[in-house]
Every structure is written in C-alpha cells, then in structure tokens.
Number of protein chains: 2
Amino acid sequence: MTLAETIKRPTLHQELVDRIRNLVIEDGLKPGEKVPEKELCEAFGVSRTPLREALKVLASEGFVVLQTNRGARVAEVTRQELEDTFPVIARLEQLAGELACVHLSDTDIAGIEARHKAMVSAYKAQDRPSYFKENQAIHKALIGGAKNKILEDHHKLLAARIQRARFMVNLSDERWAAAIAEHETMMEHLQSRDGDMLGQVMKVHIENKFRAFMKGLDAQS
Amino acid sequence: MTLAETIKRPTLHQELVDRIRNLVIEDGLKPGEKVPEKELCEAFGVSRTPLREALKVLASEGFVVLQTNRGARVAEVTRQELEDTFPVIARLEQLAGELACVHLSDTDIAGIEARHKAMVSAYKAQDRPSYFKENQAIHKALIGGAKNKILEDHHKLLAARIQRARFMVNLSDERWAAAIAEHETMMEHLQSRDGDMLGQVMKVHIENKFRAFMKGLDAQS
DNA sequence: AAACATAATTATGAATTCATAATTATGTCA
DNA sequence: TGACATAATTATGAATTCATAATTATGTTT
C-alpha cells in the first residue's frame, strides 16, 4: 500500500471511505490482501474508530470482506462477479442512453462530441491512457446526462467494483477498433437524439466489451 | 438440516444494520425523524460504537442521512427518488425476467405458478395483505431465479427503499385489476420460457405500477 | 529435527472516556 | 414581557481502554 498524508473533511469516516476505496480501485490494496488496520490508522493519522466505520461501509459496498475476529480483506474480483455485473451495467447504460437524449442540452452534447474526437485521436496515436481517460469521461457524461441520481449511484458503484479487474486482461487491437466504431454510432444517435437507438447501442457496447474481456481472461488461464 | 431461527449474527453491527433497516422500512422510524441513538442503544442493549457503525452503513444504503455534529435522520422518500428509482427497478426486473427463463427449473416455475394462483385468489377475495404477500414472493422468486447476485442485491436495496412509500398511496381497483392481468401474461411467458417477452412485460408492469403510483400521489396533494 | 502442547503476543469487537459542537435553560436589561 | 447574552446541559465525533479471540513464539518430548 501507498502512503497518504493526514486529512481534514466533514467527518473522518467519510473521507476514509473515499480514500480506502480509491486504494482498492487503484490497486494499492490488492484483492485477497488483509486490510492493515493499524498501518492505515497511522498512515491517515486517525484512530481505529472512524477507520473501522469506513471498513463497514466499504464492506456493504462490496470492496472489502469482513471476517469475524479476523479483520477485513480486500474483496476478490471473481469471474462470477464479472459475469453478474456486466449485464447489469449494460442495462443501466441502456437506460442512461435513453434518458440522456432527453435531458442533455445541445451544449452538453457538443462537449461529449469533443471528448469523442479526443478519444479517436488517442486511438489513432495508440495512446491507451488517454483513450481510457476520454472513454471514461464520455460514459460518465452520458450517465450523468440521464439526470437520475439512483441510476448514477448504482452505476458508479458497479463500475468501480469491476474497474479493479481492468489490469487482469488488456485491450486487444480488434476490440479497440470495434469499440471506436461503436462509439461512432453512439455519437450519431446522440446527435439525432434517438434515445432508443443510443440505449440499444450502449447496451450492446457493454455486452461486447464483456465478451472480449472474458475471452481475454480465458486466453490467459 | 436445521431451521436456524436463532441466527445470532457474528457481530453486533451486522445485526443492528438489519434491525434498524427494518425499523425504517416498517415505519417504526418515520421519514425525517431523528434517529434516537441513545434510545436505540438501550433498546438493543449495545453501546454506541456498533450502533454508530450500523448508521454509517445505513447511510451509504440511503436509509438514513447523516448530518455532521447533528446525528442521523431517517431519509425522506422524495418524489424525485421515486421517479428515479422506478425506471431502474423496471430495467432490473426486465433483465431478471430474461435470465429467470434460462435458469429456473420446471419445479421452480411450478412453485411460482402456485403462488400466482394464491395471489389471484387473494385478489378475488379482495384480501390486500395476502395479495401483497404473494405478489412480493413472486417477484422475489423471479429475481432470485435470475441467479445473478449483483442484480439481486441492487434490486433488493432499491425495492426496500421505495417500499417505505407503500402507504403514501393505496392500490386503486383499476390498477389492481390491471396488475393481475399483467401477471397472467407474465405467467404465460414464464411457462413458455420466453425470456424476452417475460422481461418486456415485467418492465412494463413496473412502469405501469409507477404511473399509477404517481397518479395516486398527485391526487392526494 | 518434527509434532504437539502451552505460554506470550497481537488483533479484533465492543464499551468507555474525552473534547467539543449543538441545544436548551437561565439570567439580564430594555 | 421580550429580546438577547451567557451559562448549563446534552449530543456527537473520535480516541482510548478493555476483554477476549486469534496468532505467533517457546518449550517439551520423541
């Protein structure tokens, strides 16, 4: 795990939830690893009480698993969890696409279009980090564009949980090209504000991503 | 096997999360009301530490709202939350319907059919409590039949959150009749294991329920 | 050495304590 | 009396303490 300097926010546990969740997502704490309560207390300069409160929350979010009298461990990203999660995310994105076409302003759409162009540039330059960044920004903008807090919250939680698996397998050239093509059609439907079609393409987009991911996983083992 | 009736949960906070969540759902603690930390500690015979841990978890689940230095309040069921939640539940049920047709055994389906008959009987007898009970059991069986833990968890959480609003408006005779009709078609598609159709009907079923609910809400104010 | 018993140490769940923010009660003066 | 200041009380967030479960270290016997 990496270090972090002391903090100041509304309440300690709220800050700790975010910080430790990020540690898990960013792989600072690895799946299966024991969460070092004592070390984290020292690293963040807090007592066990708020830290343990944070761990309870993270457990309910699925990032951590509590074992009675045995502390907390970082939750594993199982194959089953991935298989269960992708279809749910796909449906949430479908709904988001439909709603985004209703709620986004022309300016918002122009902004997403700009992001899309940047993403295509990153693809042409074979710049994976920039591609991921723009890609995430686009999906986030579309989810946010749905103006549905429940949808957004649940999507964010699920996306964060499976994001930990992003390094388990890497993006193939074929999948990358296909993803770009799918995004092109998404942009077309967004421009014409065809919610049903945008939703449909976003759903399939995630399903394809899922299939490619699982294929990559199987290829490894 | 044993009928584990005295499942003493390993840790106090886990037990408290369920107990207090139930208090909120069953309206023992009303929306907007301050959560009486002291009283609950005495009532459950625990100290503040596990109880406050439980409140943090319930806050992340959306059942309570924490106010810094001002304790916890039971979250209100706002109109916006209902408007955001129903569409998400509808999509989750749609997916559940599709998956249930794949994963449920003939025996499982026969069991649901029995529940359905009991529900229809309750309708004919105008027995609302029995109707609600059977109705919930059917939906729960279909969600569970999807064999997707992520789907099940998120659906359960959302359903619990809006269930608190069930007494805000009551089931009209027209909506009740329509719901029964929708369930009839659901059963037909389940019997023929037509997942796409079952999913479609379940989605529309929830959307109709939503519309009726909102109409009832507006009629009151 | 290896296997096992047992003692020392550490980690964990939960109660208690403590400092301070928020709230309520009391007193003062117009 | 009523508005306002201030003191007493209570509630809250967080640190600390405490009892015990789990783990590690040590010793004994073969």
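Residue numbers start from 1 in every chain, and the chains themselves are labelled A, B, ... in the order their sequence lines are given, proteins ahead of strands.
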| field | Rounded interatomic separation in angstrom, taking CG from B:Leu55 and C1' from D:dG13 | value | 13 Å

| said: Let's see if you can work this out: which of D:dG13, C:dA15, D:dA15 has an atom nearest to the side-chain heavy atoms of A:Thr11? | reply: D:dG13

| request: Please state how far atom CD in B:Gln67 lies from atom C1' in D:dA11, giving the value in whole angstrom units. | output: 13 Å

| message | A side-chain contact here means heavy atoms from C-beta on lying under 4.5 Å apart; do B:Val88 and A:Arg91 qualify? | response | no

| said: Looking at C:dT12, I'd like to know if its phosphate oxygens (OP1 or OP2) sit under 4.0 Å from a side-chain N or O belonging to A:Arg48. | reply: no

| request: Check the distance between D:dT12's C1' and B:Lys38's NZ and give it to me in whole angstrom. | output: 13 Å

| field | Min side-chain heavy-atom separation B:Arg211-B:Met214 under 4.5 Å | value | no

| With a 4.5 Å limit on heavy-atom distance, are the side chains of B:His205 and B:His183 in contact? | yes

| D:dT12 P sits how many Å from B:Leu66 CG, rounded? | 11 Å

| query | Please give, in whole Å, the distance from C:dA11 P to A:Arg73 CZ? | reply | 13 Å

| task | Let me know the distance between CD of A:Glu37 and P of C:dT12, rounded to the nearest Å. | result | 6 Å

| request: Measure the shortest side-chain to side-chain distance between A:Glu152 and A:Leu92 over non-hydrogen atoms and say whether it is less than 4.5 angstrom. | output: no

| query | Any side-chain heavy atom of B:Asn135 within less than 4.5 Å of one from B:His139? | reply | yes

| message | Please convert DNA chain C into dot-bracket. A pair counts if it is Watson-Crick or G-U wobble with both distances under 3.5 Å; crossing pairs go in [ ] and bases paired with another strand get |. | response | ||||||||||||||||||||||||||||||

Might you list the N or O atoms of the protein lying below 3.5 Å from N or O atoms in nucleotides 19-23 of chain D, with each pair's distance?
residue : atom : partner : partner atom : Å
D:dA21  : O3'  : A:Asn69 : ND2          : 3.2

| task | Please tell me if the side chains of A:Arg175 and A:Phe213 come closer than 4.5 Å, counting only heavy atoms from C-beta onward. | result | no

| message | Let's test your reading of the model: under 3.5 Å, does the base of D:dA15 pair with the side chain of A:Thr49 as donor and acceptor? | response | yes

| Do B:Arg73 and B:Val64 come within less than 4.5 Å of each other through their side chains, counting heavy atoms only? | no

| field | Interatomic distance, A:Gln14 CD vs D:dG13 C1' [rounded to whole Å] | value | 11 Å

| field | d(CZ, A:Arg52; P, C:dA11) in whole Å | value | 13 Å

| said: Could you tell me if the side chain of A:Glu182 sits less than 4.5 Å from the side chain of A:Lys209, heavy atoms only? | reply: no

| query | So which of B:Ile25, B:Ile20, B:Val74 actually passes side chain to side chain contact (heavy atoms under 4.5 Å, CB included) with B:Phe63? | reply | B:Ile25

